[in-house]
Amino acid sequence: MRPDRPEFRPDPALSRAEMEELQRDIAEAAVFTDDLDFDPDDVSLDGPADADASGNERLVASDAPVIVGVDQAFLDGRAVSAVVAIQDGAVIERAHAVSPLSIPYIPGLLAFREGGPILAAFEELSAEPDLAVFDGSGRIHFREAGIATHVGVILDLPSIGVAKSLLCGEPREAVDDRPAGWSTPIEAGPNVEAPDGTVIGHAYQSRQWDRSQSINPLYVSPGHRVSAATTVKLVDALCAGYKLPEPTRLADAYADEVKAGYE
DNA sequence: GCGACAG
DNA sequence: ATCTTGTCGC
C-alpha cells in the first residue's frame with residue numbers, strides 16, 4: 001500500500017516542537033466522522049453469509065471488508081512490524097518489515113518511533129484494506145493525533161486505535177469492574193488540545209470474568225474516517241471472546257513469529 | 001518543581 | 001514494549 005500523503009511522514013529527525021506541530025496538522029487533516037467504503041454492519045468474523053442450497057460457499061471473491069491488524073515486536077534496536085489482513089474472519093494475507101528504530105518511546109510521540117516501520121510493512125502488503133486496527137491510540141492523544149490517526153491520514157485509510165491503557169482524557173464514569181459490552185466516553189480535559197468535554201474515544205469492556213478477578217477495559221478511539229461511536233461498534237464486532245480484537249491478536253502473533261526467526 | 005504519560 | 005514461573009479457574 002502506498003502513502004497518500006508522504007509529506008506527513010513521521011520523521012524521527014524532527015525536533016520535538018516540529019513533531020508536535022506536525023501532529024496538529026495531522027489532526028486537522030483527520031476526519032473523525034464516518035467515511036467508510038463499507039457498512040459497519042457487514043463486519044463479521046464468521047464466514048460469508050450466502051451459500052448455495054448445499055451449504056457451499058460461492059466460488060466468487062467476497063465483497064466483505066478487508067480489515068488489517070497492525071502490531072509490532074522488538075529486538076535489539078529494531079522493530080518487527082506486522083500487518084495481517086482478514087476478510088470474514090479468515091486471514092488472506094500477512095506482510096511484515098524489520099526496521100531500525102531511531103528514537104526511544106516518548107509518550108505522545110509514539111508515531112515518530114513506530115510510524116515509519118509500520119509504513120514499511122504496509123508497503124509490503126498487496127491487499128487493499130478497508131480498515132486498519134492499530135495497537136495504540138488514535139484521537140485519544142494530547143493533540144488528537146495518536147499513531148492510528150497519523151498512519152491512517154498518511155495512507156488515507158479508515159483506521160481505529162485500540163489501547164490497553166489510557167494516554168490522556170477523562171472517562172465520564174469510573175471504569176472499574178464493568179460487565180462485557182459496557183462503554184463510557186473519554187472526554188477531552190486539560191491535557192488535550194480540544195474543546196473541554198469533546199468525546200475523543202471510549203473505554204470499552206471487551207471481556208470480563210464472571211467472578212473474582214477483574215479485567216481492565218480497552219481504550220478505543222477514532223483514527224481516521226471513523227466516528228467514536230462506530231469505533232466502539234467495530235471493535236465489538238471484531239472481538240471473539242478475548243480482550244483484544246482478532247486483527248490485533250493475529251498481528252501480534254505474526255510479529256512474534258517473525259521475531260523468533262531472527263533470534 | 002511535581003505529576004502524568006499509548007508502545 | 002521486553003525480561004519470565006508459577007498458579008488460579010473453567
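Naming: A, B, ... by sequence-line order, numbering from 1 per chain.
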Mind checking if A:Phe142 touches a base, just sugar-phosphate, or nothing, with heavy atoms under 4.0 Å?
base

In whole angstroms, the gap separating C1' of B:dG7 from NE2 of A:His150 amounts to 16 Å

Only stems of 3 or more consecutive Watson-Crick or G-U pairs count here, both distances under 3.5 Å; name the ones for DNA chain B, or none.
none

Considering only side-chain heavy atoms of A:Glu114, which listed nucleotide, B:dC5, B:dG7, C:dT2, is closest?
B:dG7

Starting at CG of A:Leu166 and ending at C1' of B:dA4, how long is that distance when rounded to a whole Å?
11 Å

Could you state the atom-to-atom distance from CZ of A:Arg143 to P of B:dA6 in whole Å?
13 Å

Looking at A:Tyr105, does any N or O in its side chain come under 4.0 Å of the phosphate oxygens OP1/OP2 on B:dA6?
yes

Nearest-0.5 Å distance that lies between atom CZ in A:Arg143 and atom CD in A:Gln23
4.5 Å

Quick check for you: to the nearest 0.5 Å, what is the distance between A:Leu155 atom CG and A:Arg5 atom CZ?
12.0 Å

Should A:Val258 and A:Phe74 be regarded as members of a common hydrophobic cluster, given that ILVMFWY residues are connected when their side-chain heavy atoms come within less than 4.5 Å of each other, either directly or indirectly?
no

Quick check for you: among C:dC3, B:dC5, B:dG7, whose closest atom lies nearest to any side-chain atom of A:Ala163?
B:dG7

Atom-to-atom span, CG of A:Asp71 to C1' of C:dT2 - whole angstrom:
13 Å

Rounded interatomic separation in angstrom, taking CD1 from A:Ile186 and C1' from B:dC5
15 Å

What class does the angle between the rings of A:His150 and A:Phe112 fall in, given that below 30° is parallel, 30 to 60° is tilted and above 60° is perpendicular?
perpendicular

What are the two closest non-hydrogen atoms of A:Ala163 and A:Ser137, and how far apart are they?
CB-OG, 3.9 Å

Measure CZ/A:Arg113 against P/C:dA1 and give the value in whole Å, please.
12 Å

What contact category does A:Ile147 fall into here, base, sugar-phosphate, or nothing, at under 4.0 angstrom with non-hydrogen atoms?
base

When you measure from the side chain of A:Ala73, which nucleotide among B:dA6, C:dT2, B:dG7 comes out closest?
C:dT2

Does a side-chain N-to-carboxylate-O contact under 4.0 Å join A:Asp135 and A:Lys164?
no

Rounded to whole Å, how long is the line connecting atom CZ of A:Phe112 with atom C1' of B:dG7?
15 Å

Requiring both pairing distances under 3.5 angstrom, list the stems that contain DNA chain C and are made of three or more consecutive Watson-Crick or G-U pairs.
none

Tell me the closest heavy-atom pair linking A:Pro129 and A:Phe122, and the distance in Å.
CG-CE2, 4.5 Å

A:Glu128 atom CD, neighbour heavy-atom count above 12 within 6.0 Å
no

Any A:Lys164 side-chain nitrogen or oxygen under 4.0 Å from OP1 or OP2 of C:dA1
yes

Atom pair distance, as rounded to whole Å: CZ in A:Phe74 and P in B:dA6:
14 Å

Determine: side-chain N/O of A:Ser165 to OP1/OP2 of B:dG7, distance under 4.0 Å, yes or no.
yes

What's A:Leu101 touching, base or sugar-phosphate or nothing? Going by heavy atoms closer than 4.0 Å.
nothing

Non-neighbouring partners of A:Arg249 that pass side chain to side chain donor-acceptor pair (under 3.5 Å), sequence neighbours left out
A:Glu246

Quick one: do A:Glu28 and A:Arg24 satisfy salt bridge (charged side-chain N to carboxylate O under 4.0 Å, His left out)? Show the steps, please.
CA-CA 6 Å; A:Glu28 196 167 344; A:Arg24 295 188 181 93; over 6 Å; no

